[in-house]
Each structure stands twice: as structure tokens, then as C-alpha cells.
Amino acid sequence: MENDTENFTALRDYVERHKPHIENALREHLPFAPAKIETKFNGAVEYALFSGGKRLRPILTLLGAELFGARVETVLAAACAVEFIHTSSLIFDDLPSMDNASERRGQTSLHERFGEGLSILVAIGFLNSAYGLVFAGQENQPELAIAAHWEIVECVGAAGMLGGQSIDLAMAASTSEFPKQNSVGDYESIKNLKTSALMRLAVRLGAIQAGAPQEKLDALLRFANLLGDAYQLSDDLIDLREDAEIFGAAKTFANEQGEAAARARLENLINKAKLILTENFPASEARVCLMETADYLAERKA
Ligand code: IPE
Ligand code: IPE
Ligand code: MG
Ligand code: MG
Ligand code: MG
């Protein structure tokens, strides 16, 4: 993410300061099998996690906590949980039975390299570990850890990421249109459920562990949903550019409505997301970084 943030001074500075802590924490909490289990499991875990991910979502978790004055050290384990869930979602997403992707981040995808069976186990390993991580170091505030745990259940489950990925499967399988909802906005939000759900988790998990009040969590939910829609739209624009031959057939807004319409929609989503921040949170470094994250989506190339 550093290379893409030249114009985003506060965010770049924040990422530079905190990414090393995130990388260390990820290493510390790796869901490794014990040494006596001499399979390729641990190699696959490392391969999946250290392959150039931007770490955007754990950064969002730290920022969510900082909005409420918490110290980042107290939510590093939760930030790892978020990255683990994201990693597992990408492993599943690339499988032959899903997007059938042979590459991820410019490298051979996990299942191409380690086989499908082991990849499924590793993905479940990341997910499983995430559910436990929200309790790490939270002995003094068990009720907040329990709330964070339920946030994962909600965001990963059928009403979130899993439901969202099932929509993608249905769309890929159907030759006809996925049933259109009332408006383009609703329709797109439902199609982007997988990405929005993980954005919600990323932004709110830190806030929950920082003891944020419900009203502010509601505002963050609205912010994250818009950020998720914007993120998926910018991802689809990148896919459209990078590999029109492969993704030309994907039923994305960018593909169906064209690049100009997609850019206009992206601007609109970003502006709405930023307005939620200015209307609900006092000025702070964390707020500036979240605003810059929203802006970054319009320009990101990877
Ligand atoms: C990819 O996300 C999946 C989508 C939501 C489109 P990222 O681009 O943030 O993944 P990293 O940076 O490779 O982890
Ligand atoms: C994947 O979406 C998002 C999740 C797994 C939550 P995509 O299928 O669009 O992501 P990429 O393009 O493979 O990264
Ligand atoms: Mg997919
Ligand atoms: Mg995919
Ligand atoms: Mg994509």
C-alpha cells in the first residue's frame, strides 16, 4: 500500500509506523501445526499470509480503535484476526469450485501450489484461529471480547461474507441476470455483500474492543458498507483494466455500465462515506487516515 499513497500523507505515515507491528503480530499468532506434524501445512500457512497483501483491513482495525482513544497494542490481536479472515476468504475465493484462479497477488495461488485439500484446511485454520484471537489479552474486558467475537460471527456468516460469496456463485452460474433489486444502489450493495461484510468487521472490531458506544458503531457500519461498495467497485475497475479478456464476462457494475459510470459511482460512494466520518467523529489523526483511505480507493492500482 505504501507505493500507492504518495498523495495521502497522514495515511502513508500511519501505515509506515504501524505495518511493522502488524507484520510482527501476524508472525506471533500464526496458526501453525505443532512441529511433530510434519506436513506442508505450515509452509502453506506462511505462503498464504506473506505474499504481498496490503494489510489494509488490519490498518482499519487499528484506526477504528484509535477513533475511541484506545492504544493500538490492545487491538493488534484483533487486527490479526481480521487479516486471517481476509486471507481465508481469498483462499476459498480462488478455489477451482469458486473463481478458479491460478494466481493471487501475481504468484501461483495456494491450491495450485499446495493442492486443494490442504488449502481448504489452511483456510479453515486461519478462520478458526481468528475466533480465538479476539480473546487474546482481553481478560480485563471479557464483555468486549465477547461482543467482538459476535461481530465475527455476524460478518463471516450467511448474512455477511458467506452469503455474499453465494451470490457470486449464483451469478456466475446463471446465464440470466441475478434478480434485480429495487434500485441500482440496493442491487449493487447486495452484490458487494462479501466485501462490505469484511470492511464492517475490519473497521468495527477495533472500535468494539475500544468500547465504542452503539450509536458510533452504527455510524461505522454505514461508513464501512459504503467503503466496501467503493472497494469492490475499485477492484472491479482494476480487474477490468488488467485482464479484460478474463474478466470481460464478469457481471460487475464496472463491466456492465462502463468505466465512466463506474468512476462517477465510486466518487459518490467515497463522498458519502467521508460525510459520515465528519458528521459523527471529531477531528483526529485516525479520522484523517480513514478519510484518506476512502480517497485512496479512487486512485489505487492494486
Ligand atoms: C482483494 O482485496 C479482495 C477484494 C475485496 C476485492 P485486497 O486487494 O485488499 O487484498 P490484498 O491487499 O491482496 O490482501
Ligand atoms: C473476493 O472478491 C472477495 C472476498 C473473498 C470476500 P473477488 O473475487 O472480486 O476478489 P479478487 O478479484 O479475486 O481479489
Ligand atoms: Mg470472487
Ligand atoms: Mg476472485
Ligand atoms: Mg476482483
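Keep in mind that this is a model prediction, so the values were computed, not measured. One-based numbering, in listed order, for ligands and for the atoms of each.
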**Q** Given 3.5 Å as the limit, does a donor-acceptor pair link the side chain of Ser196 with the main chain of Leu193, or not?
**A** no
**Q** For Glu38, does the CD atom sit with more than 12 other heavy atoms under 6.0 Å from it, leaving out its own atoms?
**A** no
**Q** Answer with yes or no whether the side chains of Gln214 and Asp218 bring together a donor and an acceptor at under 3.5 Å.
**A** yes
**Q** Lys54 heavy atoms, cut-off 4.0 Å: which ligand 1 atoms fall inside?
**A** 7 (P), 8 (O), 9 (O), 10 (O), 11 (P), 12 (O), 14 (O)
**Q** Which of the atoms of ligand 2 are close to Lys194, meaning less than 4.0 Å from one of its heavy atoms?
**A** 2 (O), 3 (C), 6 (C), 7 (P), 9 (O)
**Q** How long is the straight-line distance from CG of Leu26 back to CD of Glu23, given to the nearest 0.5 Å?
**A** 5.5 Å
**Q** Are any of the N/O atoms on Asp99, whether in the backbone or the side chain, positioned under 3.5 angstrom from an N/O atom of ligand 2?
**A** yes
**Q** Between His86 and ligand 1, does any nitrogen or oxygen pair lie at a separation below 3.5 Å?
**A** yes
**Q** Applying side chain to side chain donor-acceptor pair (under 3.5 Å) to Arg300 and Ser234, what does each step give before you reach the verdict?
**A** CA-CA 8 Å; Arg300 80 185 180 110; Ser234 72; 2.7 Å; yes
**Q** With backbone taken as N, CA, C and O and side chain as the heavy atoms from C-beta onward, which portion of Asp239 lies under 4.0 Å from ligand 2: side chain, backbone, both, or neither?
**A** side chain
**Q** Considering the heavy atoms of Gln165, write down every atom of ligand 2 situated less than 4.0 Å from one of them.
**A** 4 (C), 5 (C)
**Q** Under a 4.0 angstrom heavy-atom cut-off, which atoms of ligand 2 come close to Asp235?
**A** 9 (O), 12 (O)
**Q** Does Met98 reach ligand 2, in the sense of a heavy atom lying below 4.0 Å from it?
**A** no
**Q** Using a strict 4.0 Å threshold on nitrogen-to-oxygen distance, state whether Arg287 and Glu292 make a salt bridge.
**A** no
**Q** As an exercise, identify every atom of ligand 1 less than 4.0 angstrom from a heavy atom of Thr195.
**A** 5 (C)
**Q** Heavy atoms only: which of Leu90, Leu49, Thr87 lies closest to atom 3 (C) of ligand 1?
**A** Leu90
**Q** State whether the number of non-hydrogen atoms from other residues, nucleotides or ligands found under 6.0 Å of Glu154 atom CD is greater than 12.
**A** no
**Q** Which option out of Ser89, Gly164, Ser109 puts a heavy atom nearest to atom 6 (C) of ligand 2?
**A** Ser89
**Q** Any non-hydrogen atom of Arg57 lying under 4.0 Å from ligand 1?
**A** yes
**Q** Could Arg204 and Phe223 be counted as a cation-pi pair, given that NZ or CZ must be under 6.0 Å from the ring centre and within 45° of the axis?
**A** no
**Q** For the Mg ion (ligand 3), count the protein N, O or S atoms found under 2.8 Å away.
**A** 2
**Q** Please say which of Val203, Leu290, Val288 ends up in a side chain to side chain contact (heavy atoms under 4.5 Å, CB included) with Leu63.
**A** Leu290
**Q** At under 4.0 Å between heavy atoms, is it the side chain or the backbone of Gln232 that contacts ligand 2, or both, or neither?
**A** side chain
**Q** Answer yes or no: is there an ion pair linking Arg17 with Glu285, defined by an N-O contact shorter than 4.0 Å?
**A** yes
**Q** Quick one: do Lys274 and Asp295 make a salt bridge, cutoff under 4.0 Å?
**A** yes
**Q** Same cluster or not: are Ile120 and Phe114 linked, directly or through other Ile, Leu, Val, Met, Phe, Trp or Tyr residues, by side-chain heavy atoms under 4.5 angstrom apart?
**A** no
**Q** Under 3.5 Å, side-chain donor or acceptor atoms of residues 66-83 against the rest of the protein: list the pairs with distances, not counting sequence neighbours.
**A**
from, atom 1, to, atom 2, distance (Å)
Glu66, OE2, Tyr14, OH, 2.4
Arg71, NH1, Glu73, OE1, 2.5
Thr74, OG1, Arg71, O, 2.5
Glu83, OE2, Arg55, NH1, 3.0

**Q** Please list, in number order, the atoms of ligand 1 under 4.0 Å from a heavy atom of Arg105.
**A** 11 (P), 13 (O), 14 (O)
**Q** Between Arg55 and ligand 1, does any nitrogen or oxygen pair lie at a separation below 3.5 Å?
**A** no
